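Bear in mind that the values here come from a model prediction, so they are computed numbers and not experimental data.
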Amino acid sequence: MKKTFYTEAAYGCGLAALALGTALMEAADFGVSMVVAPAYLLYLRLSLLIPGFTFGTAEYTLQAALLLCMMLLLRRFRLSYLFSFVTALLYGALLDGAMALVGLMDAGAVAVRCAFYAGGLLLCAIGVSLLFRTYISPEVYELFVKEVSARYGVEIHRFKTGYDCVSCLAGVVLSFAFFGFGTFQGVKWGTVLCALVNGFLISRCSAF
């Protein structure tokens with residue numbers, strides 16, 4: 001028998017799960033999620049030039065640019081799209097808090113790093129699936145997938161996998177551009193693995 005899980009709770013839990021999952025994967029240093037890889041590379045580069053520039057700041061800055069691209073692609077504007085940017089601001093604040101919290105933990109041992117990576121990967125999938133189930137505007141990443149896949153009639157989880165792979169490639173390009181050809185910062189084997197399995201994990205979490 002199904003139980004009720006209110007969409008407001010899904011929204012809050014989804015954002016928290018995404019923030020904590022991203023922070024855990026960053027601490028594991030096997031490669032961050034492909035979705036946040038471009039923002040993470042911007043953070044690594046710009047934090048060297050701008051004091052106080054955080055991962056969360058990079059996130060909502062990049063999401064603002066993606067929101068503009070989405071509206072141009074769909075050729076429409078809705079007020080709800082602006083609330084996605086509010087969600088991005090909330091997520092950025094949660095992410096900075098999660099980064100500070102996880103930074104207090106010792107992630108030196110390989111076994112601990114593997115546990116951080118696996119836990120982060122699962123939390124990110126849970127977070128995205130929860131945000132897909134709420135009427136409240138999700139992050140721009142999820143909104144982009146939701147709106148564009150519906151506009152062009154592509155099954156959402158397949159579109160999500162393709163979007164993740166493009167984000168992964170963008171992360172590689174930025175890593176080379178910022179830190180030199182052949183240098184992989186933030187985009188490593190864990191990023192590639194995440195790109196391949198994330199769509200499947202999200203679909204399983206959504207079905208549950």
Side-chain angles (χ1 to χ4, degrees), residues 7-8 10-19 21-23 32-47 50 53-99 124-125 127-174 177-178 186-187 191 194-195 198-199 202 206:
T7 189
E8 296 84 1
Y11 177 79
C13 291
L15 285 180
L18 273 175
T22 300
V32 296
S33 161
M34 57 279 140
V35 175
V36 304
Y40 184 64
L41 268 297
L42 287 176
Y43 155 65
L44 290 180
R45 181 59 177 170
L46 294 181
S47 62
I50 305 173
F53 189 88
T54 65
F55 193 178
T57 304
E59 275 287 349
Y60 59 71
T61 300
L62 188 62
Q63 289 191 50
L66 183 62
L67 181 63
L68 179 61
C69 290
M70 186 195 77
M71 289 188 293
L72 291 174
L73 186 62
L74 298 178
R75 296 181 181 178
R76 68 171 179 243
F77 168 79
R78 291 177 179 172
L79 186 60
S80 61
Y81 293 166
L82 295 182
F83 286 104
S84 283
F85 183 66
V86 175
T87 297
L89 291 174
L90 291 173
Y91 170 70
L94 287 171
L95 177 58
D96 287 340
M99 290 279 287
C124 286
V128 171
S129 65
L130 285 171
L131 290 175
F132 278 162
R133 296 283 178 164
T134 177
Y135 68 84
I136 304 173
S137 297
E139 280 193 281
V140 179
Y141 297 136
E142 283 73 45
L143 180 70
F144 184 92
V145 171
K146 194 174 183 179
E147 291 290 320
V148 176
S149 64
R151 170 67 176 80
Y152 292 100
V154 182
E155 199 274 324
I156 189 169
H157 298 298
R158 290 188 178 183
F159 187 88
K160 172 64 176 170
T161 298
Y163 176 84
D164 289 348
C165 291
V166 171
S167 294
C168 183
L169 179 60
V172 172
V173 171
L174 288 175
F178 291 159
V187 183
T191 306
C194 187
N198 202 42
I202 292 170
S206 295

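Taking 4.5 Å as the limit, every side-chain heavy atom of Val140 sits out of range of all side-chain heavy atoms of Met70. Tyr11 places none of its side-chain heavy atoms less than 4.5 Å from the side chain of Leu130. Under the 4.5 Å side-chain criterion, counting only non-hydrogen atoms from C-beta, Leu73 is in contact with Val148. Thr87 is not listed as a side-chain neighbour of Phe83, based on a closest heavy-atom distance of 4.5 Å or more.
For Ala39 against Ala58, the heavy-atom pair with the smallest separation is O-CB, 3.3 Å. Counting all heavy atoms, side chain and backbone alike, Asp96 lies closest to Gly56 at OD1-N, 2.9 Å. Across all non-hydrogen atoms, the minimal contact from Val187 to Cys168 is CG1-O, 4.2 Å. Minimum interatomic distance between Lys146 and Ile156 (heavy atoms only, all atoms of both residues): CA-CD1, 4.1 Å. The shortest heavy-atom contact between Tyr60 and Gly92 is CD2-CA, 4.5 Å. Closest heavy-atom contact between Thr61 and Thr57: OG1-O, 2.8 Å.
Phe144 and Tyr163 have tilted rings, their planes meeting at an angle from 30° to 60° on a 0 to 90° scale.
In this model, no donor atom of one side chain and acceptor atom of the other lie less than 3.5 Å apart for Tyr40 and Thr22. For the 3.5 Å distance criterion, the side chains of Tyr91 and Gln63 fail to qualify, holding no donor opposite an acceptor.
Looking only at distances, a side-chain donor or acceptor of Ser47 sits under 3.5 Å from a matching main-chain atom of Tyr43. No donor-acceptor pair under 3.5 Å is formed between the side chain of Ser149 and the backbone N or O of Glu155. Distance alone, capped at 3.5 Å, is enough to place a donor-acceptor pair between the Thr7 side chain and the Tyr135 backbone.
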Should Leu74 and Tyr81 be marked as a side chain to side chain contact (heavy atoms under 4.5 Å, CB included) after you check the CA-CA gap, both sets of side-chain angles, and the distance that decides it? CA-CA 12 Å; Leu74 298 178; Tyr81 293 166; 3.7 Å; yes
Stepwise side chain to side chain contact (heavy atoms under 4.5 Å, CB included) check, Leu143 with Leu67: CA-CA 9 Å; Leu143 180 70; Leu67 181 63; 4.1 Å; yes
Is there a side chain to side chain contact (heavy atoms under 4.5 Å, CB included) between Thr54 and Glu59? Walk through the geometry before answering. CA-CA 9 Å; Thr54 65; Glu59 275 287 349; over 6 Å; no
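Among the candidates Val36, Leu42, Leu41, the single residue satisfying the side chain to side chain contact (heavy atoms under 4.5 Å, CB included) test with Leu62 is Leu42.
When the shell of 6.0 Å around CZ of Arg76 is examined, it contains more than 12 heavy atoms from other residues, nucleotides or ligands.
The line from CE of Met34 to CG of Leu169 is 13.5 Å long, rounded to the nearest 0.5 Å. Taking CE of Met71 as the reference point, atom CG of Leu66 lies at 10.0 Å (rounded to 0.5 Å). For the atom pair CZ (Phe53) and CZ (Arg45), the distance works out to 12.5 Å, reported to the nearest 0.5 Å. To the nearest 0.5 Å, atoms CZ (Arg78) and OG (Ser84) are separated by 11.5 Å.
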